[in-house]
Each structure stands twice: as C-alpha cells, then as structure tokens.
Amino acid sequence: MFRESTFGADAKVATSLRVQPKDFKFSERISKHRNIVSLYDLSPCIMLDCYIAPNATVIGEVVIEEGTSIWYGAVIRGDINKVNIGKYCSIGDNTVIHTAGSLPTGIPASVNIGDNVWIQSNCTLYSCDISDTVVIGHKSVILEGARLEHGCAIGPNSVVPPGRIIPANQLWAGNPVEYVRDLGKAELQQIAHTLKQNNTKLREHKFEFLPYNSAYLQKENEPEDLNVSADELRGSFPYTHDAVVAKTSKGEIY
C-alpha cells in the first residue's frame, strides 16, 4: 500500500505506509536500570538489613531505616523534598512516593513514614505524614498535607484529600475517605504480626539476590551424594595424605 502526494507537475513522492512485522523482541544484554540513584548532591541513605527489589527505584534524598522492604516496581523520589521511611515498613509493589516543592499551609512538604507501616501495592503518597503502625490499602492515594495518626487504617481504593487528619485507631475508607469504625486491639496486633511475617519474607527474597549462586542449596540430596566411596573421596583431592607427607619430607612446602 502506497500513498502518493504531488508537489509539482513532474514531482511525485511515494510514501510507504507498510510496516514490516517483527517476529522477535529487542533485548539488551546489560540492563541500564539502577535501583539506587543519586541526584546532584543528594544520595539515598539505606540502613542495613533492608531489601530493595531489583526493579524498584530509590532516587535522591531518601532515608530508609533498618528492616524495611521496598518491593517490586516501587518508586521513591526524594528529588524535590526529603522522604523518611522508618523501621520495619513494607512499601508494596508499584507504589509511588514523591514530594511537592512546598505546601500552602507552610508545613514541610517532605514525606515522613513512621515505624511498622504497611503500604500495600499500587498506592501513591504525596507529601504526607504517616505515623507508626498504619495500614494503607491497595490502590489508595494519600495527598499533600494529609496526616495519618498512630494505628489507623485506610481501606483499599481510598483517597485521603489534602490536609485531612485521620485519627488514631480508626478505619477510614472511600473516595474521599469517611469514618467506618474503630479498630480493636486484636486488629492492631494482627498488623504487627503481618509485618513480622513480612520481615521473614524480606530475608528470603534478599537471600536470592546474593552475588553468588545459591540454587544448589535448594537441591535435594540423592543417595549417590551421601554414599561416597573411599576411592571417589581420594580422587577429589590433588594430593592424598601419604603424598603430602612424602613431598614435605623432601623439603617441598605447600
């Protein structure tokens, strides 16, 4: 299929609109993605015992305390203002945390997340303040200037408007969020238990991304692995005990 366009009596330009099908995918040997990125003179500060997923991205002035996990596809941008994340938090898959330049109320436009906070997948946090032991449900949005107090919970698919304060130990949900009910002690303990389980899962994922291959640890032992003959054991070493003694007596040192 061709399209012809005439610019003069004798000038004709044929433009091909046919696109050749491709039966292969483009691939690069080396990924250009960096999950920890410095920006200008701002560098992320990540404590020990944290897990940053390979395809997550942490940019700029971000502080992540110990035991926190940043799961797959999450983006944390400290490029405009600072992002502080406390201990033993879980930032879910594809969650985005970023900041505004300033807020009209005059309060700091940074993001502050306390300890033991569970942020589930596909959430967006924008210049807000999250206290300790808070749960934010899937696909929720926390907008600028909002404050979530200790022990509160936000239901899935909820939107917390700018400047809204969510009281402690309460469940809010909806768009915009509305009060649902108070949370009991058992539910608050369940949050802590879930985060403790998440810390175990963190270690398992982190173990899989060691600089050396650990797949052999998952292999089950077979009878031939356990029953090794003396000849096979002797052949595993370049020198037997008798050979080493003989060479050492000749003055050769190993």
Side-chain angles (χ1 to χ4, degrees), residues 28-134 136 140-150 154 160-165 195 198-199 201-203 205-212:
E28 283 192 54
R29 289 187 176 182
I30 301 175
S31 174
K32 296 181 180 179
H33 176 261
R34 291 185 297 161
N35 60 346
I36 300 175
V37 182
S38 297
L39 184 67
Y40 308 119
D41 59 339
L42 306 176
S43 297
C45 179
I46 301 173
M47 302 301 175
L48 298 175
D49 200 24
C50 291
Y51 174 66
I52 311 296
N55 63 341
T57 308
V58 181
I59 306 171
E61 193 175 9
V62 179
V63 177
I64 302 176
E65 298 289 344
E66 62 178 304
T68 290
S69 53
I70 311 298
W71 294 103
Y72 300 91
V75 177
I76 303 174
R77 287 171 42 203
D79 51 352
I80 301 177
N81 270 303
K82 188 175 183 180
V83 176
N84 296 300
I85 302 177
K87 301 177 181 178
Y88 307 109
C89 297
S90 175
I91 310 299
D93 305 80
N94 300 315
T95 290
V96 178
I97 301 174
H98 58 132
T99 59
S102 61
L103 298 180
T105 56
I107 62 176
S110 59
V111 173
N112 298 291
I113 299 175
D115 300 336
N116 299 307
V117 174
W118 182 16
I119 301 174
Q120 297 177 357
S121 60
N122 295 288
C123 293
T124 301
L125 279 68
Y126 184 57
S127 291
C128 54
D129 193 358
I130 313 295
S131 298
D132 299 340
T133 320
V134 171
I136 300 176
S140 294
V141 179
I142 315 297
L143 293 175
E144 67 272 16
R147 176 177 172 80
L148 278 59
E149 295 187 345
H150 178 88
I154 303 297
V160 179
R164 180 67 59 88
I165 297 178
L195 288 170
N198 179 75
N199 194 265
K201 183 170 62 175
L202 172 156
R203 295 177 185 276
H205 282 254
K206 189 175 181 179
F207 183 74
E208 290 301 320
F209 289 95
L210 293 173
Y212 50 83

Pairwise side-chain contact, [X] with [Y], heavy-atom cut-off 4.5 Å (strictly under):
| X | Y | result |
| --- | --- | --- |
| I165 | E149 | yes |
| I97 | V62 | no |
| I136 | I130 | yes |
| I70 | N35 | no |

Where at least one partner belongs to residues 84-103, residue pairs that pass ring-ring contact (aromatic ring centres under 6.0 Å, His included), sequence neighbours excluded: H98-Y126
Quick check: closest heavy atoms across [X] and [Y], and the distance to 0.1 Å?
| X | Y | result |
| --- | --- | --- |
| A146 | V160 | CB-CG1, 3.7 Å |
| E65 | V63 | OE2-CG1, 4.0 Å |
| R147 | S131 | NH2-OG, 3.6 Å |
| G92 | A74 | O-CB, 3.7 Å |
| I80 | A100 | CG2-O, 3.5 Å |

Might you work through the side chain to side chain donor-acceptor pair (under 3.5 Å) test for S127 and N81, ending with a clear yes or no? CA-CA 8 Å; S127 291; N81 270 303; 5.8 Å; no
Yes or no on side-chain contact (heavy atoms from CB on, under 4.5 Å) for I64 and I91, after CA distance, side-chain angles and deciding distance? CA-CA 11 Å; I64 302 176; I91 310 299; over 6 Å; no
To the nearest 0.5 angstrom, please state how far the [atom1] atom of [X] sits from the [atom2] atom of [Y].
| X | Y | atom1 | atom2 | value |
| --- | --- | --- | --- | --- |
| T68 | L195 | OG1 | CG | 9.5 Å |
| S90 | N198 | OG | CG | 4.0 Å |
| S69 | K201 | OG | NZ | 7.5 Å |
| N122 | D93 | CG | CG | 7.5 Å |
| N94 | T124 | CG | OG1 | 10.0 Å |

Pairing residues for [X] by the side chain to side chain contact (heavy atoms under 4.5 Å, CB included) criterion, not counting sequence neighbours:
| X | value |
| --- | --- |
| L42 | E61 |
| D79 | L39, R77 |
| P161 | R164, P176, V177 |

Which atom pairs, one a donor and one an acceptor, fall under 3.5 Å between side chains of residues 113-121 and the rest of the protein, sequence neighbours left out?
from	atom 1	to	atom 2	distance (Å)
D115	OD1	K87	N	2.8
Q120	OE1	H138	N	3.2
Q120	OE1	H138	NE2	2.9
S121	OG	H138	ND1	2.8

Please tabulate, for the side chains in residues 44-58, all donor-acceptor contacts under 3.5 angstrom to protein atoms that are two or more places apart in sequence or on a different chain.
from	atom 1	to	atom 2	distance (Å)
D49	OD2	R203	NH2	3.2
Y51	OH	Y72	OH	2.8
N55	OD1	G73	N	3.2
T57	OG1	H33	NE2	3.0

